[in-house]
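Below you'll find the structure, written out as structure tokens, and then a few comments.
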Amino acid sequence: MSRVISVYRRGHFNAAHRLYVKDWDFEKNEEVFGLCNNPYYHGHNYEIEVCLTGEIDPVTGMLINLDQLKKIIREEVEEYFDHKNLNEQVEEFKDLNPTVENICVISYERLRKKLDSKYQLRVRLYETARNSAEYGD
Ligand code: NI
């Protein structure tokens, strides 16, 4: 009998960003992005929740070794983004606005490359306690 289950692991990082469209003038950016368009940047305490879904291994009783998942999240997301200026220091955001939506997608793509395709992966990223985005398979 196959048992499909979801396992969750949380992570955390702090990062700075500015939301704006390079081709727009300051007024237009101010109108659309408000305070997030601050040219001196601002920071957030991001929380990430990673959800893996698949079948429980009948021998180990586990979906995945959580230590292994913890290490992948640490290397691909936490250490990669933590204490960075996302616009200036993270390759993926050189030409991509670092919104909660886009950081969520990039986090998913970085994690997806390191995880076996037998797992379904979903990523939820909280920019504040009230604002989050979710992306995945
Ligand atoms: Ni912001």
Side-chain angles (χ1 to χ4, degrees):
M1 169 185 174
S2 77
R3 291 182 163 139
V4 172
I5 197 158
S6 295
V7 162
Y8 296 79
R9 169 84 197 175
R10 280 178 174 267
H12 175 81
F13 59 92
N14 304 312
H17 72 171
R18 177 191 177 191
L19 301 183
Y20 71 113
V21 173
K22 285 173 186 167
D23 293 341
W24 293 354
D25 62 23
F26 189 82
E27 286 66 33
K28 173 80 173 167
N29 275 309
E30 195 82 342
E31 187 187 315
V32 173
F33 297 108
L35 287 173
C36 288
N37 176 44
N38 178 352
Y40 296 100
Y41 304 94
H42 65 278
H44 291 282
N45 295 312
Y46 291 94
E47 291 285 336
I48 187 168
E49 186 174 81
V50 176
C51 174
L52 291 192
T53 302
E55 288 182 19
I56 300 177
D57 183 309
V59 177
T60 63
M62 300 191 297
L63 175 69
I64 187 170
N65 182 320
L66 277 166
D67 260 356
Q68 188 195 337
L69 179 60
K70 171 180 154 183
K71 187 166 173 277
I72 293 171
I73 295 169
R74 188 169 63 214
E75 287 172 1
E76 296 304 316
V77 176
E78 292 174 316
E79 288 176 355
Y80 192 68
F81 293 138
D82 194 43
H83 284 69
K84 298 273 177 67
N85 176 320
L86 299 176
N87 303 75
E88 300 290 330
Q89 296 180 277
V90 176
E91 186 63 35
E92 286 92 333
F93 299 117
K94 288 275 187 273
D95 294 302
L96 184 69
N97 221 6
T99 57
V100 66
E101 293 92 331
N102 281 331
I103 303 167
C104 187
V105 171
I106 297 299
S107 298
Y108 163 85
E109 287 173 353
R110 294 183 59 80
L111 293 168
R112 183 72 276 181
K113 280 189 284 186
K114 297 289 171 145
L115 290 162
D116 194 303
S117 59
K118 71 182 178 183
Y119 302 118
Q120 184 192 29
L121 171 64
R122 291 202 68 81
V123 173
R124 176 166 280 218
L125 185 74
Y126 291 84
E127 190 169 71
T128 68
R130 295 186 180 87
N131 296 344
S132 66
E134 191 176 313
Y135 184 74
D137 304 328

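Just the heavy atoms: all of them, side chains too, but no hydrogens, waters or symmetry mates, feed the values below. Start at 1 and go down the list; that is how both ligands and their atoms are numbered.
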* Presence of salt bridge, Arg124 and Glu49, under 4.0 angstrom -> no
* Going by atom types alone, do Asn87 and Tyr20 pair a side-chain donor with an acceptor below 3.5 Å? -> no
* Asked: With the Ni ion (ligand 1) as the point of reference, which N/O/S atom of His17 is the closest?
  -> NE2
* Structure fact -> the Ni ion (ligand 1) -> His42, closest N, O or S atom is NE2
* Asked: Name of the His44 N, O or S atom nearest the Ni ion (ligand 1)?
  -> NE2
* Main-chain N/O of Tyr46 paired with His12 side-chain donor or acceptor, under 3.5 Å -> yes
* Asked: Between Asn37, Asn38, Asn85, which is the residue that forms a side-chain hydrogen bond (donor to acceptor under 3.5 Å, both in side chains) with Arg18?
  -> Asn37
